[in-house]
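By convention in this document, chain letters (A, B, ...) are assigned in the order of the sequence lines, proteins followed by strands, and residues within each chain are numbered from 1. Bear in mind that the values here come from a model prediction, so they are computed numbers and not experimental data.
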Amino acid sequence: MRVIDGKVEGRELTKKFLEEVMLIPNGEKVNMCIQCGTCSASCPTGYAMDFTPRQIVAALRANIIHEVLVSNSVWLCASCYACTVRCPAGIPWTDIMYQLKRLGEDEGIIPRVKKGHELATAFNSIIDKYGLSAEFLLMLKFYFRTGIFKALGQLGFATKMLTKGRLDLGAHKIKGIKGLQKMMAVMEERK
Amino acid sequence: MAASNGKKYTYYPGCSQTKTSRAYDASVRGVAGKLGIELVELEDWNCCGASNYIAIDARKAFVLSARNLALAEKTGRPDIVTSCSGCYVILAKAKKYIKTNPKLHKDIDEALATDGLTYTGNVSVRHVLDVLVNDVAEQRIRAAVTVPLAGLKVAPYYGCQIGRPYGEFDDEEWPHTLDDLVAWSGAEPVNFPLKSKCCGGILMTTQPKVGRTLVGKLLKSAKDAGADCIVTACSLCHVTLESYQKKVSRHLGEDVNIPVLYFTQLLGRALGLTHKELMLKDSLTHAEAVLP
Ligand code: SF4
Ligand code: SF4
């Protein structure tokens, strides 16, 4: 058995993952994959993925899920559900992609291309604090994490939006933010 | 203002509609007013979490949606209506997950109870396009058109999350409701083969090269179809299609600039709303030049 990440074995990681997949509506159908490749052929970003959706199922069966998590694949999923509606075995692929994102997060496995993860993390910290999104703050946080010079490329866009009055520089809280934070805490405790 | 059919809807604008896509919000409310649909904004709604929250923590993401749905339940109105396809699919998905997972439902109940809310899952999640096409329907819409848009060729862009994955009110692969609505408003829907193909959304920020490739294909397909403009039904799609046309043109080595409008701006104009009321000046793609 291969040892990965210094602690979790490939088989165990796969097992943990499949247990979580079983909680997704229709998740158990992942076992029915016939490797037809319809998902990969339907995927708009599949051409850029190290592992296409079909290959991810093959990787799961071979217990090399760690390689999938460090690859660029899961965060290239744009959540378009094309694979999900076309899979002849009825596998909810998009939701499985989400589960892979969460597995990486839970196991602390850093993907080779981190930006999707960085953006989601920055976004969520804003929601936790305000209950609403805040565009400008999000961009600040994101580019601070991923390279402040990249932000220069966005300057033209930001200026245009600002002139149009479409960029909110502030952040606004919902009235029930305390209540929402309590709800979040309950979900965390009862995991 | 037209007479109401007596039905009131809970309106969930979503974060984008408060600023970035405020023209979508304004045109949705304007169209509703013209057609006698009563939209009552959900009191103290929160962000749906978009595709981000659920990618990190599903349980907390579901409580975000559950809070909105529980607040909607409290109003007694049967539908929660949103104009953003992202919010639409997130709310619908939370409902589905909570329904099939008793432990999740129990935890959600306890979480909501800390702020005096309860969730039974009896509110229907609807897209404003669905309400217009199915509740208001063809006859009333055609009858309300006062500004003819004849001769205007429109590429109806559905994006991915209006029909997928649940296909509640339109086909998952080859939807037609937006084509219908464009036709009812007097304009001409063109045959747009990529109408439900993904725009990449957030990838424009996180993976710009991939994002530009996807958007490039869409813009080119609309232009090849002979469209004068594209109409969208999702805040994220809209920003993605309108914001980077110059960069995308450079990326493709071909001019793919084309005006992008919210579908409610097109319909709103046909119903007699002014450019100002529809906030056409907010457009980054000269949308105002397309409409009479
Ligand atoms: S479409 Fe479904 S059955 Fe075919 S390879 Fe993909 S997951 Fe497997
Ligand atoms: S949902 Fe994700 S994996 Fe599936 S086709 Fe769309 S981008 Fe590809």
Side-chain angles (χ1 to χ4, degrees), chain A residues 23-25 44-45 48 75-76 78-82 84-86 92 94-95 98-99 101-102 105 113 115-121 123-124 127 130-135 139 142 153-154 157 160-161 164-168 172 174-180 182-188 190-191, chain B residues 15-16 18-22 44-47 49-60 62-64 66-67 89 96-97 100-101 104 107-108 110-112 114-117 160-161 163-165 167 172-173 197-203 205-210 214 243-244 281-282 284:
Chain A
L23 294 173
I24 296 172
T45 59
W75 288 94
L76 267 171
S79 189
C80 78
Y81 296 93
T84 299
V85 300
R86 285 188 184 167
T94 315
D95 291 352
Y98 276 118
Q99 190 63 48
K101 289 173 180 166
R102 294 191 290 265
E105 170 74 15
V113 182
K115 282 195 191 156
H117 179 262
E118 298 281 10
L119 187 84
T121 310
F123 182 89
N124 295 3
I127 304 308
Y130 299 100
L132 294 171
S133 173
E135 201 85 4
M139 285 303 129
F142 175 66
Q154 290 291 323
F157 171 60
K160 257 193 281 179
M161 294 298 266
K164 292 275 179 192
R166 292 174 59 185
L167 184 61
D168 197 339
H172 310 277
I174 58 165
K175 278 188 245 146
I177 186 65
K178 289 246 161 64
L180 178 63
K182 255 190 268 162
M183 293 174 197
M184 295 289 220
V186 172
M187 295 311 281
E188 186 77 51
R190 308 199 38 135
K191 227 169 202 168
Chain B
C15 299
S16 305
T18 59
K19 201 74 177 176
T20 323
S21 300
R22 59 184 186 173
D44 205 37
W45 54 270
N46 58 266
C47 172
S51 55
N52 292 314
Y53 216 108
I54 192 166
I56 303 284
D57 189 326
R59 288 166 50 81
K60 285 191 194 164
F62 291 140
V63 95
L64 283 172
R67 180 178 178 275
V89 98
K96 181 136 185 151
Y97 268 71
T100 54
N101 186 334
L104 179 64
D107 294 350
I108 292 269
E110 278 186 33
L112 292 175
T114 61
D115 207 23
L117 290 171
C160 36
Q161 305 192 329
R164 295 194 291 266
E172 297 144 338
E173 296 270 1
K197 198 84 184 167
C198 176
C199 72
I202 204 75
L203 293 180
T205 306
T206 58
Q207 302 274 328
K209 262 197 204 133
V210 177
L214 301 194
S243 302
Y244 304 94
K281 276 223 175 97
D282 264 22
L284 302 180

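- Between chain A and the options B:Cys160, B:Ser16, B:Ala111, B:Ser21, heavy-atom pairs under 4.5 Å are most frequent for B:Ala111.
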Query raised in the report: What's the verdict on ring-ring contact (aromatic ring centres under 6.0 Å, His included) for B:Tyr244 and A:Phe157, showing C-alpha distance, side-chain angles and the deciding distance?
Result: CA-CA 8 Å; B:Tyr244 304 94; A:Phe157 171 60; 5.3 Å; yes
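- Under a 3.5 Å cut-off, the side chain of B:Asn46 and the backbone N or O of A:Gly131 do not form any donor-acceptor pair.
- Heavy atoms closer than 4.5 Å to chain A are found in both the backbone and the side chain of B:Ile54.
- Of the possible polar contacts, one joining the B:Arg59 side chain to the A:Arg190 backbone as a donor-acceptor pair under 3.5 Å is found.
- Interface remark: B:Ile202 contributes side-chain atoms only to the contact with chain A (heavy atom separation under 4.5 Å).
- Between the side chain of B:Asn52 and the backbone N or O of A:Phe123 there is no donor-acceptor pair closer than 3.5 Å.
- Top candidate by heavy-atom pairs under 4.5 Å with chain A, chosen from B:Lys19, B:Glu173, B:Arg67, B:Lys197, is B:Lys19.
- Both the backbone and the side chain of B:Cys47 come within less than 4.5 Å of a heavy atom in chain A.
- In this structure, chain A has a heavy atom under 4.5 Å from the side chain of B:Leu117, while its backbone stays farther away.
- Proximity to chain B is limited to the side chain of A:Phe142, based on heavy atoms less than 4.5 angstrom apart.
- Interface remark: B:Ala66 contributes no atoms to any contact with chain A (heavy atom separation under 4.5 Å).
- For A:Ile127, the part lying under 4.5 angstrom from a heavy atom of chain B is the side chain only.
- The contact between B:Lys60 and chain A is made by backbone and side chain atoms together, counting heavy-atom distances below 4.5 Å.
- Put simply, the side chain of A:Met139 reaches to within 4.5 Å of the side chain of B:Thr205, judged on heavy atoms.
- For chain B, no part of A:Lys178 is nearby; none of its heavy atoms comes within less than 4.5 Å.
- The side-chain heavy atoms of A:His117 and B:Ile56, taken from C-beta on, include a pair separated by under 4.5 Å.
- For chain A, the option among B:Cys198, B:Ser243, B:Pro165, B:Ser51 with the highest count of heavy-atom pairs below 4.5 Å is B:Pro165.
- Contacts of B:Asp107 with chain A are made by both backbone and side-chain atoms, with heavy-atom separations under 4.5 Å.
- Under the 3.5 Å distance criterion, the side-chain polar atoms of B:Gln161 are matched with a main-chain donor or acceptor of A:Ser79.
- Comparing A:Thr45, A:Ile177, A:Leu76 by heavy-atom pairs within less than 4.5 Å of chain B, the highest count is held by A:Leu76.
- Using a 4.5 Å cut-off between heavy atoms, A:Thr84 touches chain B through its side chain atoms alone.
- Using a distance-only test at 3.5 Å, with no hydrogens or angles considered, no donor-acceptor pair links the side chain of A:Arg166 to the main chain of B:Arg22.
- With chain B as partner, the option from A:Ser133, A:Ala185, A:Ala48 having the largest number of non-hydrogen pairs under 4.5 angstrom is A:Ser133.
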